[in-house]
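A short write-up of the structure that comes next.
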Amino acid sequence: MQRIDPANSEQIRPHIGSPVLVYLRDGAEIFGILSRLDQGNLILNEEPVVERPSAKTGKKLKVAKTGRKKSSPPADRESQAVIAHSAGYSPIVLDRKFVAALIALQ
């Protein structure tokens, strides 16, 4: 366990993606996966953003000697983005002013 103090972007950056325990000033404790610090808010359990490939960077089908195209997966499967969820937790946005302590658990 390691206390992250002060909770600024330089101190948080190495712990992104790690489990953390947040103690709030009112005595509440929150467990989650550290996502980022954004405009004074501490973000936990945020889903990673996966960009879909553009039409220009997509794979081209090769034409066989017979003139037929090789088979490919259906287009709807190619365009689906795979997003890993943070162990079933909902995203949490905490104002940094209400955080008493931030502890990295790894």
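Worth knowing before you read on, the calculation uses all heavy atoms, side chains too, and leaves out hydrogens, waters and symmetry mates. What you see is a predicted model, and the numbers here were worked out from it, not measured in a lab.
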Would you call H15 and Q2 a side-chain contact if the rule is heavy atoms closer than 4.5 Å? yes
Testing the basics here: between Y23 and I103, what is the closest heavy-atom pair and its distance to 0.1 Å? CE1-CG1, 4.0 Å
Side-chain (D95) to main-chain (F98) donor-acceptor, under 3.5 angstrom: no
Same apolar cluster (I L V M F W Y, side chains within < 4.5 Å links), V20/I92: yes
Of all heavy-atom pairs between K97 and R25, which one has the smallest distance, and what is that distance? O-NE, 2.8 Å
Let's go through L24 and I30 carefully: what are the C-alpha distance in whole Å and the side-chain angles of both, what is the deciding distance for side-chain contact (heavy atoms from CB on, under 4.5 Å) to 0.1 Å, and is it a yes or a no? CA-CA 8 Å; L24 300 181; I30 299 174; 3.7 Å; yes
Determine whether I16 and I33 make a side-chain contact, defined as any pair of heavy atoms from C-beta on separated by less than 4.5 Å. no
Can you name the nearest heavy-atom pair linking A7 to L102, along with the distance? CB-CD2, 4.3 Å
According to a 4.5 Å side-chain heavy-atom criterion applied to Ile, Leu, Val, Met, Phe, Trp and Tyr, with indirect links allowed, do I43 and V22 form part of one hydrophobic cluster? no
Do the side chains of P91 and E47 get nearer than 4.5 Å, heavy atoms only? no
Supply the atom-to-atom distance R13 CZ to N8 CG, rounded to the nearest 0.5 angstrom. 9.0 Å
Within the side chain of R96, is there an N or O that forms a donor-acceptor pair under 3.5 Å with the backbone of Q39? no
Reported CG-to-CG distance for the pair L21 and L34, which is rounded to 0.5 angstrom: 12.0 Å
Beyond-backbone contact of L44 with L94, side-chain heavy atoms, under 4.5 angstrom: yes
Main-chain N/O of V93 paired with N41 side-chain donor or acceptor, under 3.5 Å: no
